[in-house]
Every structure is written in C-alpha cells, then in structure tokens.
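Please see the structure below; I have some questions.
By convention in this document, chain letters (A, B, ...) are assigned in the order of the sequence lines, proteins followed by strands, and residues within each chain are numbered from 1.
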Amino acid sequence: MMTTQYALIDGNNFYVSCERVFNPALEGKPVVVLSNNDGCAVARSNEAKALGIAMGAPWFKIRHLAQSHGLVALSSNYTLYGDMSRRMMTLIGQYSPDQEIYSIDESFLRFSGFEHWDLTAHGQQLREQVKQWIGIPVCVGLGPSKTLAKLANHYAKKRPAFNGVCNLSVLNARQVDALLADTPVGEVWGVGRRLTEHLAGYNIQTVLDLKQEPAATLRARFGVVMERTIRELNGIACYPLESEPAPKQQIVSSKSFGRPVTEQRELEEAVSDYVARAAEKLRGQGSVCGALQVFIETNPFIPGEPQYHNGAVTRLAQPASDTGALTRQALVGLRKIYRPGYRYKKAGVMLMDLIDGDQIQADLYGDTYNDHYATDRLNDLVDQLNRRYGQGCLRRASAGFTQGWRMRRENLTATFTTDWNGLVCAHA
DNA sequence: TCTGGGGTCCTAGGACCC
DNA sequence: TCTGGGGTCCTAGGACCC
C-alpha cells in the first residue's frame with residue numbers, strides 16, 4: 001500500500017535559465033542575475049557558483065570576476081521571469097490534479113490515487129517536457145511529505161546519479177537513512193542558520209540525527225514548527241497542499257533608490273509610485289485595506305553619515321482600495337516623518353488590516369455603493385491599461401514624470417515574451 | 001560609487017476582561 | 001497571612017522561506 005506522495009519541482013538557477021532561453025550564448029558561462037538596483041547576486045549559474053560566488057553576494061565585491069573570469073551580470077527582469085513561471089507552472093500542473101505554486105520557480109504536486117503509477121518515470125517525463133516546451137531545466141523530488149519532497153529535490157539537484165529525479169519512496173529505509181546521515185541538518189526546509197546553531201548545541205548535526213529525535217521533546221525546546229518538521233522527516237505529512245493561494249494579509253511595496261534622495265518632493269513621488277503598485281495588488285486579490293504604513297530610511301552602510309529611519313501608520317476612515325485615497329493617506333504619513341538634511345536610500349509602503357472587499361462596512365454617514373462606483377471603474381481601467389501596456393504606463397501626476405530616483409538596471413534584457421518590441425530576432 | 005524585496009508563522013509578554 | 005484562574009487581543013521580535 002502506498003500513501004499519498006508529494007513532488008517538489010524546482011527550476012534550476014531559475015532566473016539565469018530564463019535568460020539563457022533567449023540568449024543561448026550564455027550557456028556554459030558564469031552568469032549571475034542581480035537584485036533590484038543591481039545590488040547583489042540573487043541567481044547564479046553553476047559556473048558562477050563554482051567561482052565561489054555566494055547567494056546575495058554584493059555586486060561591487062564580485063565585479064572583478066567579469067574581467068578575470070568572464071562573469072556575466074544581468075539586471076533582474078521580473079516581467080520575463082514571471083511570464084516564464086506562469087508557462088512552466090501551467091505545464092507542470094498537467095501532471096497531477098493537485099498543484100500548489102509555492103514560489104516563482106517551485107511547485108508542489110500531490111499524488112493521491114496514483115498507487116499503480118511509476119512516479120519516478122512520471123517525474124522524468126515532466127522534466128523532459130518542461131525542458132523541451134519551456135526551455136527551463138528542472139529537478140523533481142518525491143516523498144511522502146512536503147519536507148521529504150523538498151529534501152529529495154535537493155538530492156535530485158546535487159547527486160548526478162538520480163538524473164534529476166529523486167524518489168525517496170522507492171528507496172529502502174537503509175538507503176534513505178544513509179542519504180540523510182550524509183546531509184547537514186541545515187538543508188532541511190524550515191531549519192535556517194539560527195536553528196542549525198541551536199541544534200548543534202544538542203549534537204544534532206545531520207538530517208538523520210534530527211529525524212531520530214523524539215518530536216514531542218524537541219517541541220518543548222524549539223516549538224511546534226520543529227515538531228512538525230521531525231514528523232515530516234519520518235514520513236508523516238503535517239503540511240497540506242495549498243492549492244488556492246490564501247489572500248495576502250499585508251502588501252508591501254518598497255525599493256531602494258538609484259541614488260540618494262534628499263528632497264521631500266522626490267520622496268513623495270516614490271511613495272506615490274509604490275502606493276499605486278501596492279494598491280494594484282490589493283485590488284487584484286479583491287481586498288481593501290484599513291491602515292497604511294509609510295516608511296523612509298537612510299543608508300546604514302555609509303558609516304559617519306547621519307542616519308534616520310522612521311515610519312508612520314495611518315488608519316483610513318473607511319477601508320479602501322482606491323489608489324487616490326491611499327495615496328493621499330500615504331502622503332499625510334510621509335509629511336509627518338520627513339526630516340530635511342538626510343540622504344534617503346529607501347522608502348516603502350505597507351498596506352495592512354486587509355479584508356475582503358465584499359465585507360466592507362458602511363460608515364456612520366451612510367457611504368454607499370454608488371459613491372465608490374466611479375473610482376472603482378477608474379481603478380479597473382488603470383489596472384487594465386497597465387497590464388496591457390506595461391507597469392506604470394498610466395500613473396498619477398504625484399508619482400512624477402522624470403522619476404530620477406528610480407532604481408538602476410544597467411544590464412536589463414528585453415521582455416521577450418510579453419512585448420512585441422522584445423521579440424527575439426532570428427537571422428536567416 | 002556600489003549591500004534586494006516580499007512574505008509567513010510562532011511565541012512571549014502585557015493589558016484587559018469576567 | 002493572604003493575594004484565583006481562565007481567557008482574549010494586541011504587539012514586538014525572532015525565525016524561517018524564496
């Protein structure tokens with residue numbers, strides 16, 4: 001008898017792989033994709049990893065490798081990655097009725113009622129089809145819980161013998177434990193740097209060590225999450241598949257500036273811009289927000305420069321999702337916390353107290369549906385145009401025209417899949 | 001010159017209630 | 001000398017994830 005199985009499918013070096021689809025000359029070369037503002041490496045090709053480039057390595061510390069080792073650095077192109085992700089997830093979803101999209105490059109599948117299937121072969125077929133149809137290399141991990149599927153995916157990536165698909169459920173107990181004994185505990189989903197240190201104090205070093213601990217005892221020391229992790233390592237599924245994404249409880253939009261900003265006017269532009277982005281997401285999930293926080297900060301990495309960071313929470317008289325209402329509120333907050341004489345590096349807004357748009361309570365003075373109708377229609381229209389013609393193509397004047405504070409993206413590739421002007425040109 | 005952005009869950013402690 | 005017990009809500013902070 002075989003129980004429900006879980007698979008984790010994960011794009012290898014996803015952002016780099018997306019870029020390589022449209023620029024095959026990048027194959028075999030060390031490539032990194034940089035974070036916003038070209039700040040640090042957030043994706044690395046295997047060749048870049050081999051050069052010793054760590055996840056999150058600041059670009060200014062590794063840029064010398066461009067000269068010496070031919071390292072290629074690209075600005076992150078989230079429009080492209082998001083669209084490639086959507087295509088990849090749709091295809092992966094064909095392989096099971098139950099799918100959870102966990103992140104931009106990771107997806108869980110649940111296999112219930114697949115007792116007579118060879119899931120390893122199923123995984124191989126998935127892998128080949130995604131490579132052929134989407135152009136992205138993926139690895140597949142299979143096991144009786146999400147935590148084990150995650151771990152299996154790690155083996156699928158790191159151990160060539162698995163040929164990209166590791167199914168822990170077809171190995172015998174001794175083989176599985178041998179793998180776990182050869183893996184540091186920090187590789188487990190949910191065990192980060194701090195917990196790894198803490199566990200080391202109890203001489204728990206490998207995944208097998210953790211698996212063999214009594215779950216209830218470790219709960220007392222480490223909390224309920226650790227108990228679940230141990231159970232999951234023992235094949236007892238504690239985390240269900242979440243096929244419907246839960247609506248967000250808060251929506252944040254914040255970014256560092258491309259250069260230091262000192263003028264209140266420019267901060268207002270940036271905050272207006274971020275509010276518009278956040279409000280679009282808010283409407284996208286059909287929510288309204290009851291409160292809004294705006295924050296600004298200087299650059300803590302410049303020692304000796306006067307530092308200031310502050311935030312202001314303001315509550316809306318009535319929950320709203322209208323960009324205009326939220327922008328006015330945010331600017332009130334910003335004016336409270338703005339202090340001249342500082343070089344600001346970053347600003348952001350956070351929409352809080354989100355509730356479903358249908359559950360909005362009329363206020364004491366009888367605000368009605370009709371009062372909102374016009375602004376709702378306007379917001380819908382703006383959202384549609386921005387989806388069609390690109391983010392920010394239509395925006396409020398308060399978000400500014402020149403936007404000189406915008407982030408730097410010096411090595412940005414084209415949006416190959418979402419923009420006619422970005423189409424790749426093939427030479428005969 | 002140059003160090004990302006966007007989330008979640010859990011726990012502990014205080015205020016407050018009956 | 002005695003000074004309950006149980007519950008909720010809120011917040012801050014810590015830990016994790018990609």
Side-chain angles (χ1 to χ4, degrees), chain A residues 8-15 32-44 53-64 66 73-78 81-82 85 100-108 146-147 150 153-154 185-199 219-229 238-239 242 245-260 270 274 277-278 281-282 284-285 291 293 295 297-303 305 311 313 343 345-354 406-411:
Chain A
L8 180 74
I9 299 96
D10 180 325
N12 302 349
N13 316 326
F14 185 66
Y15 298 166
V32 292
V33 171
L34 301 175
S35 62
N36 283 340
N37 260 321
D38 295 342
C40 49
V42 291
R44 306 155 293 152
I53 297 171
M55 183 67 176
W59 170 234
F60 74 92
K61 288 187 180 171
I62 55 171
R63 67 182 309 162
H64 64 275
L74 301 171
S75 304
S76 42
N77 185 343
Y78 285 105
Y81 312 150
S85 171
E100 171 182 342
I101 296 168
Y102 178 68
S103 73
I104 193 162
D105 71 328
E106 284 175 81
S107 173
F108 285 103
K146 287 170 129 184
T147 301
K150 268 273 211 186
N153 185 278
H154 171 76
V185 72
E187 295 293 340
V188 174
W189 191 32
V191 180
R193 203 169 42 85
R194 306 302 298 268
L195 278 174
T196 301
E197 273 172 39
H198 197 173
L199 288 165
R219 175 183 186 147
R221 283 184 211 140
F222 293 91
V224 66
V225 174
M226 181 63 77
E227 181 184 23
R228 288 189 198 127
T229 297
C238 300
Y239 297 107
E242 317 260 10
K248 304 248 178 285
Q249 298 176 41
Q250 58 180 43
I251 292 172
V252 178
S253 178
S254 77
K255 277 184 199 63
S256 300
F257 303 128
R259 57 160 166 79
Y274 302 165
R277 195 89 304 114
K281 285 190 213 165
L282 183 70
Q285 68 168 29
Q293 178 176 191
F295 59 89
E297 53 196 55
T298 51
N299 188 348
F301 289 103
I302 305 181
E305 200 166 287
V313 178
R343 288 155 58 85
K345 176 63 181 168
K346 183 176 179 177
V349 294
M350 189 187 310
L351 307 184
M352 301 176 299
D353 295 357
L354 308 193
R406 270 199 172 278
M407 64 180 177
R408 280 189 308 275
R409 295 202 287 179
E410 286 172 3
N411 294 309

**Request:** Determine the contact category for S76(A): base if any of its heavy atoms lies under 4.0 Å from a base atom, sugar-phosphate if only primed atoms, P, OP1 or OP2 are that close, otherwise nothing.
**Result:** nothing
**Item:** Separation of atom CD in E305(A) from atom P in dT3(B), rounded to whole Å
**Value:** 12 Å
**Atom-to-atom span, CD of Q293(A) to P of dG5(B) - whole angstrom** = 16 Å
**Prompt:** Any chance the side chains of D105(A) and S103(A) put a donor and an acceptor closer than 3.5 Å?
**Reply:** yes
**Asked** What nucleotide among dT3(B), dG7(B), dT11(B) has an atom nearest to a side-chain atom of V224(A)?
**Response** dT11(B)
**Prompt:** Nearest of dC18(C), dG7(B), dG4(B) to any side-chain atom of Y78(A)?
**Reply:** dG4(B)
**Prompt:** 5'-most contact on DNA chain B: F301(A) or Q249(A), nearest heavy atom basis?
**Reply:** F301(A)
**Asked** Does dC18(B) have a Watson-Crick or wobble partner in any strand here, with both distances under 3.5 angstrom, and which is it?
**Response** dG5(C)
**Request:** Under 4.0 Å between any heavy atoms, over every strand shown, what does N36(A) touch: base, sugar-phosphate, or nothing? Just pick one.
**Result:** sugar-phosphate
**Request:** Have a look at I251(A) and say if it touches a base, only the backbone sugar-phosphate, or nothing, with a 4.0 Å heavy-atom cut-off.
**Result:** sugar-phosphate
**Asked** Is any side-chain nitrogen or oxygen of K345(A) closer than 4.0 Å to OP1 or OP2 of dT3(B)?
**Response** yes
**Message:** Measure NZ/K150(A) against C1'/dC16(C) and give the value in whole Å, please.
**Reply:** 11 Å
**Prompt:** Within the side chain of S85(A), is there an N or O that forms a donor-acceptor pair under 3.5 Å with the backbone of I104(A)?
**Reply:** yes
**Request:** Look only at the side chain of S107(A) and the backbone of I9(A), and say whether a donor-acceptor pair between them is shorter than 3.5 Å.
**Result:** no
**Request:** With heavy atoms under 4.0 Å as the rule, sort R193(A) into base, sugar-phosphate or nothing.
**Result:** sugar-phosphate
**Request:** Rounded off to whole Å, could you give me the NZ-to-P distance for the K61(A) and dG4(B) pair?
**Result:** 11 Å
**Request:** For H198(A) and dC10(B), give me the distance from atom NE2 to atom P, rounded to whole Å.
**Result:** 19 Å
**Asked** Between F60(A) and R228(A), which is nearer to the 5' end of DNA chain B once each is assigned its nearest nucleotide?
**Response** F60(A)
**Request:** Among the candidates dG7(B), dC2(B), dG5(B), find the nucleotide nearest to the side-chain atoms of S256(A).
**Result:** dG5(B)
**Complete:** To the nearest angstrom, the CZ-P distance between R194(A) and dC9(B) comes to 22 Å
**Request:** State which of dC18(C), dC2(B), dG6(B) makes the closest approach to the side chain of W189(A).
**Result:** dC18(C)
**Request:** Keeping the roles fixed (side chain from D353(A), backbone from A291(A)), state whether a donor-acceptor pair exists under 3.5 Å.
**Result:** no
**Prompt:** Hey, are the side chains of L351(A) and K281(A) touching, using non-hydrogen atoms and a 4.5 Å cut-off?
**Reply:** no
**Item:** Phosphate contact (dG4(B) OP1 or OP2) by K346(A) side-chain N/O below 4.0 Å
**Value:** no
**Request:** Take L8(A) and E106(A) through the side-chain contact (heavy atoms from CB on, under 4.5 Å) test and state the conclusion after the steps.
**Result:** CA-CA 7 Å; L8(A) 180 74; E106(A) 284 175 81; 3.6 Å; yes
**Asked** Given dG6(B), is OP1 or OP2 found less than 4.0 Å from the side-chain N or O atoms of S254(A)?
**Response** yes
**Asked** Rounding to the closest angstrom, what is the interatomic distance between dC17(B) and dT3(C) at atom P?
**Response** 24 Å
**Request:** Classify the nucleic acid contact of D105(A) as base, sugar-phosphate or nothing, counting any heavy atom under 4.0 Å across all strands shown.
**Result:** sugar-phosphate
**Message:** Please report the distance, rounded to the nearest Å, between CG in L354(A) and P in dG7(B).
**Reply:** 10 Å
**Request:** Between dC2(B), dC17(C), dT11(B), spot the one nearest the side chain of I302(A), thanks.
**Result:** dC2(B)
**Message:** With heavy-atom distances below 4.5 Å as the criterion, would you say the side chains of F222(A) and T229(A) are in contact?
**Reply:** no
**Message:** Regarding V33(A), tell me which of base, sugar-phosphate or nothing describes its non-hydrogen contacts under 4.0 Å with the strands shown.
**Reply:** nothing
**Spacing of E242(A) atom CD relative to dC9(B) atom C1', expressed in whole Å** = 12 Å
**Request:** May I ask you to say what L195(A) touches in the nucleic acid, namely base, sugar-phosphate or nothing, with a heavy-atom cut-off under 4.0 Å?
**Result:** sugar-phosphate
